[in-house]
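Just so it is clear, the model here is predicted, and its values are computed rather than measured.
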Amino acid sequence: EPPPAPRRAAPARRGQPTSRPRTSLPVGAADAIAPGAMHSIFAERDGGSRASRAGTVRFVVIAALALGLLSTPGSTGFGGYLHRGQQTQTTRPDMQGGLAGSSAHGATSLLRPPAYAPAKPELQTNALPQELLEMSSFLTAAAPAPPPKLELLDFLSQFFVALLPAIVVEVFILESTQAFMEKLGWRPAKESRDYVAGSDETIKVQRAFDFEAWETQRKNPDRYWSILGATLTSSTMLTRLQGPLFALNVVAAAVLFYGRYLVPYGFPALMLPTLPFTLCSFALGLLVTFRVNTSNNRYVTARNKWGSILNICRDLSQQACLWAVRKEDGIDFARWVPAFALSLMCHLRDPRSHDLAAELRAAAGPAEGASGDGVGLSDAEIDEILQRPTGMNAPHFVLHRLRAKMTGLGVTEEQRLLMEHNITRLVDDLGACENIFATPIPLGYTKHLTRFLFLWLLLLPLALENQLGYGVVFVQQLLAFGLLGVEDIGIQIEEPFAVLPLKRITGKIALEAQVVRRSMAVLDIDKKLAGQIPASEPKVLEPVAAAPPAQAPAIVNEPVPQSAPVTMDLASISSAAQPRGAELKTWLEDQKLAKYYDTMVAEGYDELEFLRDAAPNDIEDLIKACGMPLGHAKHFKRALDEVRVFGGPA
């Protein structure tokens, strides 16, 4: 609103003083007041109401903000004048800086002190409103400090502190430093660990845990100190993140020195508010979490598939050695089973990490047992795999050979169906592993997350430098190490077959297959029992002679005394096989179903052979009588089917 119209007082007579003393303003206050407001101030000096004075002050403040008087150092407004400081009073008033957008001479001429004013103008507190005095004091206090003087030694020391995180990382990843820590025992030798092919020994293959490793893993509080100490010694995380951390450190140091040494000389300040970073941090955390969870799901799925392959290979080796009519055929089939696991490992990994021919020779098992029945594939069979038809990978070709050899084992139809089912499961696991390997997480998601995360960390110093000073470098490096490390872990386990301990799994398959081949005489329980229990001959009764009518009925001959049945010590036989002729209670204890023993005896099933020969409907009635839950009922049926397949008591 425009200022109220001034009321002029009656002119004083010549020689008489006015009712109010004249006002002399300091130079700074004169520059802070717009020329259009001067008339109102002097009118207020001559006489006016208190409300008129308050309206005048508000108008002065609004005019000052609207005209940009609070400008940066170096401008022509009031801020520039404060930055230049109180100059000497010998300077002509018309040479001082005026208002922005107005004539300097016009502004100073209106506020030039009267002729009788002292050389150094002083503000008369009884002549100006209190609000204007407070505004002048505030603007004078807000004047920027003079730029700091640049000292070379101080600059170098500050530069070293700003780049300290990058310097520490560079020192610890040097080859000489790594070798020195190996001599001290702080870092394990590189030969003791396996690394992913093509990673320049920066990505380790996960090791299979044993009891000692699990004890170390969950030990408190020692695990905290060992893990923190391994960050700079045995961990490969810093080696992989060296480049990004160095670039972010340089950017943070540049932002820091720009604000400390260039902004005071008039360069524009580079600052961002913290609110955008706070708002987008939640979305960034969700993106990183989803990325790592998806990669972990792929890792767990791949491990489950290889666990299934391990179990099926065990099953096939035992089935072939136990069910084959000829021992040689069963051993020949069992030699090809571990060849599938080794060829699948080579198929899923970088060709630079494994040699297929060497791995197929290792499928025989440990060298000390590779003799007699424990030998593996011959050189001719290995060449057959290497010279397989074009378009058929090695594990697929091995499964094809297993199907062909299964037909020559001479097994029964039921046994052949079980073995065929196991080979089909291997085909399914092969396809699932190929799908995981060939289908990564959508590339657009991975690339967008990497860009978003790196730009967020790159711009973070612009928001924190004004609050933290030199601490912005260390805070940014700590956040970058945490967030980039989590994202890097997701990248590593996204392709799980390179980091899974497949060599340990395949070695276990080869060892167990070799043991089965070499121990057929011990493990062939059915044939062992058949050789110890003699076959019982059928009992034949003598024909009864015809008696004469007058005589008494003929008496049948007394039965021939039977020999005592042959008993065996089944405890000496491996507990992995199904019991033959064992008591029902012992079998139920092995199946963790001993609590149903009394009910089965009450229902008339006091021997295992009665359960084996029972009809499916009778088994269902027995399950209902025992009150078995669904899980126990399924386990009971499955165990009973194994008894029927492997053979039970006669």
Q. Quick one: does R518's side chain have a donor or acceptor within less than 3.5 Å of a partner on G374's backbone?
A. no

Q: Identify the two heavy atoms, one from L622 and one from F636, that lie closest to each other, and give their separation to 0.1 Å.
A: CD2-CZ, 4.4 Å

Q. When you check the side-chain N and O atoms of R416 and T412, is any donor under 3.5 Å from an acceptor?
A. no

Q.
Using side-chain heavy atoms (C-beta onward) and a distance below 4.5 Å, is M600 in contact with L611?
A. yes

Q. Below 4.5 Å, heavy atoms only, C-beta onward: do I619 and L640 meet side chain to side chain?
A. yes

Q | Nearest heavy-atom neighbours spanning S353 and D350 | A | OG-O, 2.6 Å

Q | Whether R298 side chain and I436 backbone form a donor-acceptor pair below 3.5 Å | A | yes

Q) Does R388 reach the main-chain N or O of M392 with its side chain, forming a donor-acceptor pair under 3.5 Å? A) yes

**Q.** CA sep, side-chain torsions, deciding dist, call: L430, K305, side chain to side chain contact (heavy atoms under 4.5 Å, CB included)
**A.** CA-CA 9 Å; L430 169 61; K305 292 300 178 183; over 6 Å; no

Q: Output all residues satisfying side-chain contact (heavy atoms from CB on, under 4.5 Å) with D210, sequence neighbours left out; order by chain, then residue number.
A: E212, A213

Q: With sequence neighbours left out, write down each residue that passes side-chain hydrogen bond (donor to acceptor under 3.5 Å, both in side chains) with H635, or none if nothing qualifies.
A: Q591

Q | Carboxylate-amine/guanidinium proximity below 4.0 Å for E620 and K637 | A | yes

Q) Do the side chains of Y605 and V601 get nearer than 4.5 Å, heavy atoms only? A) no

Q) Between the side chain of S519 and the main-chain N/O of V516, is any donor-acceptor distance below 3.5 Å? A) no

Q: Can you see which heavy atom on Y195 is nearest to which on V205, and at what distance?
A: C-CG2, 3.9 Å

**Q.** Closest non-hydrogen atom pair between A513 and A334, with its separation
**A.** CB-O, 4.3 Å

Q: Using a strict cut-off of less than 4.0 Å between a Lys/Arg side-chain nitrogen and an Asp/Glu carboxylate oxygen, indicate whether D488 and R240 qualify as a salt bridge.
A: yes

Q) Would you say F209 has more than 12 foreign heavy atoms packed within less than 6.0 Å of its CZ? A) yes

Q | Point-to-point distance, once rounded to the nearest 0.5 Å, from CG of L484 to CE of M237 | A | 10.0 Å

Q. Would you say E215 has more than 12 foreign heavy atoms packed within less than 6.0 Å of its CD?
A. no

Q. CG/N393 to CG/L344 distance, rounded to the nearest 0.5 angstrom?
A. 8.5 Å

Q.
Just verifying a value: how many Å separate L284 CG and E487 CD, rounded to the nearest 0.5 Å?
A. 10.0 Å

(Q) One pair to check against side chain to side chain contact (heavy atoms under 4.5 Å, CB included): W587 and L593. What are the steps and the verdict? (A) CA-CA 9 Å; W587 180 78; L593 300 173; 5.7 Å; no

Q. Taking it one step at a time, do W306 and D429 satisfy side chain to side chain contact (heavy atoms under 4.5 Å, CB included)?
A. CA-CA 8 Å; W306 272 93; D429 293 338; over 6 Å; no

Q | Which atom of A480 lies closest to which atom of L245, heavy atoms considered | A | CB-CD2, 3.7 Å

Q: Working to the nearest 0.5 Å, report the span between OG1 of T216 and CH2 of W214.
A: 11.5 Å

Q. What distance do L483 atom CG and W456 atom CH2 have between them, rounded to the nearest 0.5 Å?
A. 6.0 Å

Q) Can you tell me if Q415 and Q319 form a side-chain donor-acceptor pair at under 3.5 Å? A) no

Q: Would you confirm whether S295, through its side chain, and R291, through its main-chain N or O, come within 3.5 Å as a donor-acceptor pair?
A: yes

Q) Would you say the side chain of Y299 lies within less than 4.5 Å of the side chain of L500, judging by non-hydrogen atoms? A) yes

Q: Keeping the roles fixed (side chain from T301, backbone from N297), state whether a donor-acceptor pair exists under 3.5 Å.
A: yes

Q. Is there a side-chain contact between H632 and I623, using heavy atoms and a 4.5 Å cut-off?
A. no

Q.
Between N296 and V292 (side chain of the first, backbone of the second, donor and acceptor by atom type, cut-off under 3.5 Å), is there such a pair?
A. no

Q. Side chains of L402 and L399: closer than 4.5 Å at any heavy-atom pair?
A. yes

Using distance only, find each side-chain donor-acceptor pair of residues 438-445 under 3.5 Å and give its atom names and separation, not counting sequence neighbours.
from	atom 1	to	atom 2	distance (Å)
T439	OG1	N435	O	3.1
Y445	OH	L287	O	2.7

Q: Identify the heavy atoms of V325 and G410 that sit nearest to each other, and give their distance.
A: CG2-O, 3.1 Å

Q: Please name all residues satisfying side-chain contact (heavy atoms from CB on, under 4.5 Å) with L479, sequence neighbours left out, ordered by chain then number.
A: L457, L460, V475

Q) So with a 6.0 Å cut-off around CZ of F454, is the heavy-atom count from everything else above 12? A) yes

Q) Taking only residues at least two apart or on different chains, which pairs with a member in residues 495-509 satisfy salt bridge (charged side-chain N to carboxylate O under 4.0 Å, His left out)? A) E359-K503

Q: Nearest 0.5 Å please: distance from the NE2 atom of H396 over to the NE2 atom of H400.
A: 8.0 Å

Q | Short side-chain to backbone donor-acceptor contact, R517 and A364, under 3.5 Å | A | yes

Q: Before giving the answer on side chain to side chain contact (heavy atoms under 4.5 Å, CB included), spell out for F481 and L238 the whole-Å C-alpha distance, their side-chain angles and the decisive distance to 0.1 Å.
A: CA-CA 8 Å; F481 179 76; L238 287 179; 3.6 Å; yes

**Q.** Under the salt bridge (charged side-chain N to carboxylate O under 4.0 Å, His left out) test, residues paired with D332 that sit two or more places apart
**A.** R335, K405

Q) Is a side-chain N or O of E381 found less than 3.5 angstrom from the main chain of S378, in a donor-acceptor match? A) yes

Q) Hey, are the side chains of L584 and D606 touching, using non-hydrogen atoms and a 4.5 Å cut-off? A) no

(Q) With no hydrogens and no angle check, just 3.5 Å: does a side-chain donor-acceptor pair link Q514 and D373? (A) no

Q. Are any non-hydrogen side-chain atoms of W323 and Q318 less than 4.5 angstrom apart?
A. no

